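First the structure, which I've put down as structure tokens, then a few questions once you've had a look.
Since the structure is predicted, the reported quantities are computational estimates derived from the model, not experimental observations. Along the sequence shown, residues are numbered consecutively beginning with 1. No hydrogens, no waters, no symmetry mates; every other heavy atom, side chains included, goes into these values.
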Amino acid sequence: MYLNPWQRVIKARNINMFYTIMKLDFIKSNWFGNVIFASVLLSMFFYYGLNKTFFDPPQSVHVWRQTNSISLTQNYYQYNLPFLEPEMHNQFGNGGISGKAVGEFPVIYYFVAQLWKVFGKHEWIFKLVQIAILFMGLFSLYLSLKHLLKSQLWAGFVSLLIFTSPMIVFYGPNFLPDVPALSFVFIAWYFIFRFLNNRQAIDLWGSALFFCLSMLIKVTSAISFVALAGWVIFELIFLKENRRIFKFKLKYFLPFVLAFIPVVLWYVYADYYNTINKGHFSYHGIWPIWDVTKADFYRIIDIQDKIFFRQLFLPYTQYITLLIWLYLVASIRKLSPIMRYFILVLPLGFLIQVLLWFKILDYHDYYMINLVVVLVAVWTIFIIQLKRLELKLYLKFAAYGLISVFFIWNAIACRKHLNERYEGWMNETYNKHFKTLIDIGPSFQKWGVNQEDKVISIPDFTINTTLYYMNRKGYTDFASDFSKAETFYWRIEQGAKYLVINDSTILSREYLKPFIQKKVGKFENVLVYDIQNIKPEK
């Protein structure tokens with residue numbers, strides 16, 4: 001006679017049997033755990049207020065980088081550009097006459113542009129693509145850890161902990177490629193675990209594809225791919241076949257070798273494209289610590305300590321992770337060979353990456369996002385060791401309660417930091433000066449400022465921010481020294497027809513006088529001047 005789970009509980013003779021029965025039912029009900037995980041993830045989306053910011057334009061921290069991404073997308077959409085010939089609004093390329101420039105592999109930008117052609121240009125479509133990739137990545141991580149940890153609860157904890165990082169939650173929907181790159185890494189590892197479970201070569205092709213995508217859009221995401229390759233080669237050379245985990249045959253290497261080729265070809269092409277168009281905006285080299293002055297070193301450390309260290313994760317979470325890592329290193333002999341390898345190699349990769357790109361960690365906080373794989377590895381290995389202790393039932397429930405409180409604490413802190421990014425000083429320039437430009441289109445039409453008329457937009461030290469908001473090609477303070485009258489004359493010769501000023505406090509500057517004689521109009525805090533045919537006095 002069939003007994004449902006609750007009838008079996010009644011039949012159970014003691015609490016240990018009760019626990020065993022419920023545990024077995026829970027593990028077998030994979031769909032139930034999956035639904036719970038997806039529900040919590042979606043609930044966090046609303047708890048953070050992402051539904052309220054979902055329709056907002058790029059803004060706040062590193063709007064510079066956000067608008068670079070969406071500017072490329074806008075130009076793909078608006079001018080039907082070929083995939084390999086992307087352009088931006090800022091005309092700093094080809095000596096000041098084009099916006100041809102490229103950074104990461106623009107597959108997401110091109111894909112979103114095609115969606116815009118079907119559904120119309122909406123920034124929320126871009127955000128939807130970004131958040132969908134993030135959620136698929138987190139769900140793939142959850143499925144991988146569920147297989148590895150044999151626990152839906154622990155798998156859910158580690159996977160959802162990633163979604164308490166203010167950096168990941170903020171940048172995830174907001175146009176940058178770093179979170180999609182991390183998400184593709186999680187998907188790639190999901191296919192690795194599938195391969196270990198069923199030994200099907202097709203899973204290796206899936207893994208190679210997503211590792212390839214991650215490295216194409218962010219080369220710094222290669223940290224776990226390199227570590228994986230190192231282990232596979234290590235066990236092939238040094239371990240007997242019965243001790244190997246991956247047991248790679250020669251044909252199993254083929255997907256990863258082929259996947260690496262597009263990565264090399266892309267970065268060679270990107271450098272070529274930027275060189276011939278003289279449009280470098282994204283440096284593909286390193287920014288090492290040994291090139292930093294003593295003053296800059298202390299400045300970067302201070303910025304990290306006061307701002308961005310708190311934005312990667314709750315500081316206590318980072319301290320606890322460090323302590324867990326130290327504990328694992330101290331007890332390394334108790335770990336399996338593969339765990340010893342990853343607990344040493346991944347943190348070493350973390351350190352190397354920080355040292356090689358230290359110079360840009362002052363404001364480029366998002367460079368830390370792809371290093372989150374180290375946190376995942378540390379917590380996963382720790383939980384594996386914890387489960388081997390076979391704790392008594394009351395200690396297990398105490399641990400579950402503790403991690404629940406810990407997780408909620410992280411989520412609350414994340415929400416607080418997100419609010420600061422939108423409502424605090426981090427978004428002050430947008431709210432005071434830039435926001436008006438988003439709605440200036442009808443005024444431009446009334447004043448006769450045509451869609452293809454180039455503009456000079458100041459003050460704006462980003463590449464594309466104000467130009468994207470106005471959807472006008474032209475020039476900002478990036479790559480143009482507008483503290484000199486000569487630069488204005490030069491850009492006018494190259495086709496600039498209007499001067500757009502979003503901060504009236506700069507009007508008193510002497511060098512601006514020749515260019516603010518013919519006022520076209522004013523829209524809230526924005527002033528527009530006709531600068532056509534203005535030439536320097538002889």
Value for OG (Ser207) from CZ (Phe184), rounded to nearest 0.5 Å, stands at 13.0 Å
Rounded to the nearest 0.5 angstrom, the OG-CZ distance for Ser159 and Phe186 is 8.0 Å
Here the gap from Ser39 atom OG to Met44 atom CE, rounded to the nearest 0.5 Å, amounts to 13.0 Å
Sorted by chain and number, sequence neighbours left out, salt bridge (charged side-chain N to carboxylate O under 4.0 Å, His left out) with Arg194 holds for Asp203
Residues at least two apart in sequence or cross-chain that pass side-chain contact (heavy atoms from CB on, under 4.5 Å) with Ser71, listed by chain then number, are Asn75, Met88, His89, Asn464
Show the atom names and distances, to 0.1 Å, of all donor-acceptor pairs under 3.5 Å that link a side chain in residues 375-386 to residues at least two apart or in another chain.
from   : atom 1 : to     : atom 2 : distance (Å)
Trp379 : NE1    : Thr321 : OG1    : 3.0
Thr380 : OG1    : Val376 : O      : 2.7
Gln385 : OE1    : Arg388 : NH1    : 2.8

Less than 4.0 angstrom from a charged side-chain N to a carboxylate O is my criterion; do Arg299 and Asp302 meet it?
no
Parallel under 30°, tilted from 30 to 60°, perpendicular over 60°: which one fits the rings of Phe256 and Phe211? tilted
| request: Fit a plane to each ring of Trp189 and Phe342, take the angle between them on a 0 to 90° scale, and name the class: parallel (under 30°), tilted (30 to 60°) or perpendicular (over 60°). | output: perpendicular
Stepwise side-chain hydrogen bond (donor to acceptor under 3.5 Å, both in side chains) check, Gln59 with Arg421: CA-CA 9 Å; Gln59 57 188 281; Arg421 288 188 175 229; over 6 Å; no
>> Whether Lys359 and Asp291 form a salt bridge (side-chain N of Lys/Arg under 4.0 Å from carboxylate O of Asp/Glu) is what I want to check.
In response: no
request  = Assign the ring pair Trp231 / Phe234 to parallel, tilted or perpendicular, where the plane angle (0 to 90°) is split at 30° and 60°.
outcome  = tilted
| said: Parallel, tilted or perpendicular, judged at 30° and 60°: which one describes the rings of Phe406 and Trp409? | reply: perpendicular
Ile108 vs Pro180 side-chain heavy atoms within contact, under 4.5 Å: yes
Self-check item: Plane angle bin for Tyr252 and Phe248 - parallel if under 30°, tilted between 30 and 60°, otherwise perpendicular
Solution: perpendicular
*Using a strict 4.0 Å threshold on nitrogen-to-oxygen distance, state whether Lys249 and Glu241 make a salt bridge.*
no
